[in-house]
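For reference, the structure is listed below as structure tokens.
Not measured: the values here are computed from a predicted model. Basis for what follows: all heavy atoms, side chains included, without hydrogens, waters or symmetry-related copies. Chain identifiers are assigned alphabetically (A, B, ...) following the order of the sequence lines, protein sequences preceding nucleic acid strands; residue numbering begins at 1 within each chain.
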Amino acid sequence: MESNGLIYLITHRDNLNEAFKRVKRNKGAAGVDAKDIEATRQYLKEEGRTIIALIQTGKYKPSPVKRVEIPKGDGGKRKLGIPTVTDRVIQQAVVQILTPIFEQTFSEYSYGFRPNRSAHQAIEKARAYIDEGYHYVVDIDLEKFFDRVQHDKLMSLVANVIKDKVTLKLIRNFLQAGVMENGIVSVNREGTPQGGPLSPLLSNIMLTELDRELEKRGHKFVRYADDCNIYVKSLKAGERVKQGITDFIEKKLKLKVNEEKSAVGKPIARTFLGVSFYRNRKQTRVYVPKKSKAKFEAKLKRLTNRSWSISMEYRIHKLNQLVQGWFNYFKIGDIKKYALKIDSHIRRRLRACRWKEWKKPSTKYRELKKLGIKPNDAWRCANTRKGYWRMSNNPIIDQALNNQYWENQRLKSITNLIS
DNA sequence: TTATCGTAGAC
RNA sequence: AUUGUCUACGAUAA
């Protein structure tokens, strides 16, 4: 491909449309220009051609990102950098073109932020390593990885693969867009914004360097984003590997290892992607640690809480989804027994709810009719005991509830608009 | 094939 | 109250 072809692929109509659709689907908030997705659609209709021309000549300057802090699970805060909707679309367009190119250069042991790869596969790989006799794990965690990426180092890695100067310039401009905090724009010499569609790809480009080094040294490892686990046969080997890799990361990649979160130990003592491992006589198995279970049970409580002001049917619908989603994620683990326990637990709670709300079929009948269910169906449903708390719903009712839900959402957005 | 919803992991 | 991105999976509707 000739060296200037790439930017035209990126700014191609179809690619940009595809990118816009993706950004819209995520329903994200506005950036510093306060333009939401609808407003941006208008804006792009009018200014699109100019912007494309600016991009193609390497003169496009992205807006700074909006600083938002969200609480993390462990009490800390996560600093997000939210680009303008326009910039998210452009970044998305870049990602769509660059991903297939860089995919070919990535390591087979890297699982985070990549198409057709999931946390499950990473967990399964780790489990296999332990099964093979690597009974110790070196867990390496990078400190504020996204905030510390060195621009020059990163750009040189990108330039190894991408030869198009204009595209390189565009990426660099995104890295240097700056941050808007309390109305003041500050420049950033390092880091890539958490919240930009481009950031995950850049993180993988950066850390592929680490993958290559680990492969070169012949280590058994799995990497998910900045969470890197190396499996070894003894504690002593683990300590040695940890030291060696820490040196490599800090000297060659110019990144910092988080000493507090990194450690060498038995897999059972550590959690990886929300699960832990233990060995029985024959094999290594995956289990769900208490912390994840507690999180799930908290959600369960919230949904079965009597003070929730939503209809019973809808509540069941939600519960069904919760259980299904959760079970699905942890089906790789040894949680069958736990799932069964949960199931009976839910049924018990739902039965308790039922008596409070719909003791009489006639009440339920009225309720169902209000949802727009045909009298015949409503009557049948109101009179079947099972229908009250069954985990999978009657499709007719499901549909009606769905409609009601959307009607509620619509009303809510209107009232938000007025007040 | 395209939308809507949900769960989980990561930053 | 405010709240971004990536990925995988599941359910539903045309």
Side-chain angles (χ1 to χ4, degrees), chain A residues 18 21-32 37 65-73 76-85 87-89 91-92 95-96 99 103 110-124 126 141-149 179 191-204 206-207 222-228 258 271-275 288 292 295-296 299-300 303 314 317-333 335 391-403 405-406 409 416:
Chain A
E18 207 50 45
K21 272 206 298 210
R22 177 59 154 274
V23 172
K24 181 179 157 224
R25 176 154 75 232
N26 290 337
K27 291 204 273 273
V32 287
I37 291 163
V65 296
K66 182 171 146 201
R67 176 63 83 230
V68 171
E69 294 192 352
I70 57 169
K72 266 202 293 194
K77 288 210 166 130
R78 164 162 289 126
K79 285 183 176 185
L80 298 178
I82 302 169
T84 316
V85 177
D87 288 337
R88 291 212 293 272
V89 172
Q91 287 195 37
Q92 182 62 38
V95 170
Q96 282 167 4
T99 298
E103 269 302 309
S110 144
Y111 291 87
F113 304 140
R114 292 185 59 187
N116 309 317
R117 279 162 176 257
S118 67
H120 277 145
Q121 291 167 341
I123 291 166
E124 177 49 34
D141 188 86
L142 299 178
E143 200 172 290
K144 300 201 186 96
F145 167 64
F146 273 76
D147 299 331
R148 304 222 169 178
V149 174
V179 189
T192 170
Q194 289 186 51
L198 194 53
S199 298
L201 180 67
L202 294 179
S203 82
N204 270 337
M206 190 77 187
L207 290 179
V222 176
R223 184 171 69 74
Y224 194 101
D226 76 337
D227 198 350
C228 187
N258 188 338
T271 81
F272 178 54
L273 304 179
V275 299
V288 183
S292 301
K295 214 168 136 190
F296 172 72
K299 280 184 186 161
L300 200 63
L303 272 174
Y314 189 64
H317 175 75
K318 287 287 223 199
L319 273 168
N320 205 9
Q321 279 179 174
L322 173 68
V323 173
Q324 219 159 47
W326 193 83
F327 184 78
N328 184 46
Y329 184 72
F330 287 109
K331 71 184 169 203
I332 41 132
I335 59 148
M391 289 311 286
S392 71
N393 268 319
N394 184 328
I396 301 165
I397 296 168
D398 250 358
Q399 192 46 46
L401 282 162
N402 237 10
N403 294 344
Y405 178 64
W406 287 113
Q409 289 290 311
N416 274 349

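Atom-to-atom, CG of Leu201(A) to C1' of dA10(B) comes out at 15 Å; the value is rounded to the nearest Å. Rounded to whole Å, the distance from OH on Tyr111(A) to P on rU7(C) is 18 Å. For the pair Arg67(A) CZ and dC11(B) C1', the computed distance is 13 Å after rounding to whole Å. Computed from coordinates, the Lys21(A) NZ to dT1(B) P distance equals 14 Å when rounded to whole Å. Rounded to an integer number of Å, the gap from Asn204(A) CG to dC11(B) P is 13 Å. Per the geometry, CD belonging to Gln121(A) stands 14 Å off P belonging to rU7(C), to the nearest Å. Atom CD in Glu103(A) sits about 11 Å away from atom C1' in rU7(C), given to the nearest Å. The distance between atom CE of Met206(A) and atom C1' of dA10(B), rounded to the nearest whole Å, is 18 Å.
The distance from atom CG of Leu207(A) to atom CG of Asp227(A), rounded to the nearest 0.5 Å, is 11.0 Å. In this structure, CE on Met206(A) lies 13.5 Å from OG on Ser199(A), to the nearest 0.5 angstrom. Rounding to the nearest 0.5 Å places CG of Leu273(A) at 11.0 Å from OH of Tyr111(A). Taking NZ from Lys144(A) and CD from Gln194(A), the interatomic distance works out to 11.0 Å, rounded to the nearest 0.5 Å. One finds the CG atom of Asn204(A) at 8.0 Å from the CD atom of Glu103(A) (value rounded to the nearest 0.5 Å).
With distances taken from any side-chain atom of Arg25(A) to the nucleotides dT4(B), dA10(B), rU5(C), the minimum falls on dT4(B). If you check rC6(C), rG4(C), rA8(C) against the side chain of Pro115(A), the one that comes closest is rA8(C). Taking every side-chain heavy atom of Arg88(A) into account, rU5(C) is the closest of rA8(C), rU3(C), rU5(C). With dG9(B), rU5(C), dC11(B) as the candidates, the nucleotide lying closest to the side chain of Leu273(A) is dG9(B). Listed nucleotides rU5(C), rA8(C), dC11(B) differ in distance to Pro200(A); the shortest reach to its side chain belongs to rU5(C). Checked against dC11(B), rA8(C), dG9(B), the side chain of Ser118(A) finds its nearest nucleotide in rA8(C). Distance from the side chain of Tyr224(A) is smallest to dA10(B) among dA10(B), rC6(C), dC5(B). The listed nucleotides are rC6(C), rG4(C), dC11(B); the one nearest the side chain of Asp226(A) is dC11(B).
Put simply, the side chain of Arg117(A) gets close to the backbone of Ser110(A): a donor and an acceptor are under 3.5 Å apart.
Contact annotation: Gln92(A) side-chain N/O to rC6(C) OP1/OP2 distance is under 4.0 Å. Dashed line: the shortest gap from a side-chain N or O of Asn26(A) to OP1 or OP2 of rC6(C) is under 4.0 Å.
Of the options Glu18(A), Arg25(A), Lys24(A), a side-chain contact (heavy atoms from CB on, under 4.5 Å) to Arg22(A) is made by Arg25(A) and by none of the others.
Both Asn116(A) and Pro197(A) sit near RNA chain C, but only Pro197(A) has its closest nucleotide nearer the 5' end.
Arg22(A) comes within 4.0 angstrom of the backbone, heavy atoms only, and of no base. Within 4.0 Å of Lys77(A), counting heavy atoms only, lies no atom of the nucleic acid at all. Looking at heavy-atom distances under 4.0 Å, Leu80(A) makes contact with a base. Using a 4.0 Å heavy-atom cutoff across all strands shown, Phe146(A) reaches sugar-phosphate atoms only and no base atom. Looking at heavy-atom distances under 4.0 Å, Gly112(A) makes no contact with the nucleic acid at all. Residue-level contact check: Arg117(A) touches the backbone only, with heavy atoms under 4.0 Å from sugar-phosphate atoms and none from bases. Heavy atoms of Pro193(A) sit nowhere under 4.0 angstrom from any nucleic acid atom.
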* **Dot-bracket pairing map - RNA chain C, Watson-Crick plus G-U, both contacts under 3.5 Å, | cross-strand** => ...|||||||||||
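Note on ring orientation: taking the six-membered ring where Trp is involved, the planes of Phe113(A) and Phe146(A) are perpendicular (angle over 60°, cut-offs 30° and 60°).
Spacing between dG6(B) and rU2(C) at atom P, rounded to whole Å, works out to 16 Å.
Looking at heavy atoms from C-beta onward, Thr99(A) lies in side-chain contact with Leu201(A) at the 4.5 angstrom threshold.
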